[in-house]
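Okay, here's the structure, questions in a sec.
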Amino acid sequence: MKRFWEEAAVQPVDAGWGIALDGKPLRLPGGTTLHLPGRALAEAVAAEWHAAGGEKGGEMSMEEVPLTRLVGTAVDRIAPDPAPSAAAIAEYGESDLLCYRAEDYRLAALEAENWQPLLDWAALHHDAPLHVAKGIAHVAQPPSSLRALHAAVAAHSPFGLSALGIAVPALGSLVLGLALSAGRIDAAEAHRLATLDETYQESFWGTDPEAEARRARIAADVALAARLLELSR
């Protein structure tokens, strides 16, 4: 689309804060006028639109406004009924990356050193101890722990669920996603922990350009999710 506005700015509305493009309210693709609960989040969204397309008449795409896409998902898709989104995210606790250790004893020791503190945190902070297994065979987790993790996910706002909906699948770990949401780790550390096995293997066999590109995309997704979590707190 062509940029038809010169200025994007926040404005107070009854429901919190809106974004105005040359004074006209920003609407989501479905037609909903975008209202956000906090000024910081609204200012971040407005900044995307202020930069998108460069200047009036320039070409822009929705790829230039990633935060807008996430808040749009929160408002249009999640807020009307958050339960299905919370349930889908919580399912990752059934096969969390951090619960599966390598057969290689050296890598398993590295995983234990880096991952176990986060599992211990989940056990203490969320009352959700999880079993650890060697290899990739599925290990059943305690139902009480899965219920506790589900409750932790469901406690998030629609904006938090939108962020977790990006971060948790990207990381392959509900525990890492919840730790990111709680500020226990930052985006860079979450990404490092999620790619621990890959980087370990690359230390022996060298890097693969496709794998590096994929990790860069994951890092960008996790950073975006962390930003939304921070702005929506």
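This structure is a prediction, so every number in the text was calculated from the model and none was measured.
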Legend entry - Interatomic distance, L26 atom CG to T33 atom OG1 [nearest 0.5 angstrom]: 8.5 Å
Legend entry - Considering all heavy atoms, the nearest V13-G18 contact: CG2-N, 3.8 Å
Inset, instruction - Taking atom CG of D104 as the centre, report whether more than 12 heavy atoms of other residues, nucleotides or ligands fall under 6.0 Å from it. - result: yes
Legend entry - Taking every non-hydrogen atom, the tightest pair across A102 and A108: O-CB, 3.5 Å
Inset, instruction - Can you measure from CG (L130) to CG (L118) and round to the nearest 0.5 angstrom? - result: 11.5 Å
Legend entry - Where at least one partner belongs to residues 151-165, residue pairs that pass side chain to side chain donor-acceptor pair (under 3.5 Å), sequence neighbours excluded: H156-S181
Legend entry - Flag, side chain of D22 to backbone of E6, donor-acceptor distance under 3.5 Å: yes
Inset, instruction - For the residue pair I19 and L36, establish whether any side-chain heavy-atom pair is separated by less than 4.5 Å. - result: yes
Inset, instruction - Give a yes or no on whether the backbone of A51 and the side-chain of E64 come within a donor-acceptor separation of less than 3.5 Å. - result: no
Inset, instruction - Report yes if the side chains of V132 and Q116 come closer than 4.5 Å at any heavy-atom pair, otherwise no. - result: yes
Legend entry - S95 backbone acceptor or donor facing Y100 side chain under 3.5 Å: no
Inset, instruction - Taking R3 for its side chain and A52 for its backbone only, find out whether a donor-acceptor pair lies under 3.5 Å. - result: yes
Inset, instruction - Output the distance between atom CD1 (I166) and atom CD1 (I218), rounded to the nearest 0.5 Å. - result: 12.0 Å
Legend entry - Near-ring test H50/W5, centroid separation under 6.0 angstrom: no
Legend entry - Contact check, side chains of P142 and H131, non-hydrogen atoms, under 4.5 Å: yes
Inset, instruction - Please answer: with hydrophobic residues joined when any side-chain heavy atoms are less than 4.5 Å apart, are L28 and L41 in the same cluster? - result: yes
Legend entry - Shared hydrophobic cluster, V139 / L119 (ILVMFWY, side-chain heavy atoms < 4.5 Å): no
Legend entry - Heavy-atom check, side chain of R106 versus side chain of Y200, under 4.5 Å: yes
Legend entry - Ionic contact status for E202 with R215, cut-off 4.0 Å: yes
Inset, instruction - Looking only at non-hydrogen atoms, find the nearest pair between D127 and A148 and report the distance. - result: O-CB, 3.8 Å
Legend entry - Side-chain donor or acceptor of E48 paired with backbone N/O of L67 under 3.5 Å: yes
Inset, instruction - Could you grab the distance from atom OG1 of T207 to atom CD of E198, nearest 0.5 Å is fine? - result: 12.0 Å
Inset, instruction - Find out whether L171 and V222 are in side-chain contact, i.e. whether some heavy atom of one side chain is under 4.5 Å from a heavy atom of the other. - result: yes
Inset, instruction - Taking all non-hydrogen atoms of both residues into account, name the closest pair between S173 and L97 and its distance. - result: CB-CB, 4.2 Å
Inset, instruction - Please work out which of the three classes, parallel, tilted or perpendicular, describes the rings of H125 and W121, given edges at 30° and 60°. - result: parallel
Legend entry - Pairwise distance CD(Q11) to NE2(H35) - rounded to 0.5 angstrom: 7.5 Å
Legend entry - Shortest non-hydrogen contact from A112 toward P117: O-CD, 3.8 Å
Legend entry - Partner of V45 by side chain to side chain contact (heavy atoms under 4.5 Å, CB included), out of L34, L231, V65, L70: L34
Legend entry - Atom CD of E103 with >12 non-hydrogen neighbours under 6.0 angstrom: yes
Legend entry - Distance in Å, Q201 CD paired with L196 CG, rounded so as to fall on 0.5 Å steps: 10.0 Å
Legend entry - Any side-chain heavy-atom pair of E59 and K2 under 4.5 Å: yes
Legend entry - Shortest non-hydrogen contact between A154 and A86, atoms and distance: CA-CB, 4.0 Å
Legend entry - Residues E230, R227: salt bridge by 4.0 Å N-O rule: no
Legend entry - Donor-acceptor pair, side chain of R69 and main chain of M62, under 3.5 angstrom: yes
Legend entry - Any V168 side-chain heavy atom under 4.5 Å of L176 side chain: no
Inset, instruction - Look at the side-chain heavy atoms of Ile, Leu, Val, Met, Phe, Trp and Tyr, link any pair under 4.5 Å apart, and say whether W17 and L228 land in one connected group. - result: no
Legend entry - Within one Ile-Leu-Val-Met-Phe-Trp-Tyr cluster: L193 and L224, side-chain cutoff 4.5 Å: no
Legend entry - Any side-chain heavy-atom pair of I78 and F159 under 4.5 Å: no
Inset, instruction - Verify the cluster assignment for V75 and L164: are they in a single hydrophobic cluster under the rule of side-chain heavy atoms below 4.5 Å apart? - result: no
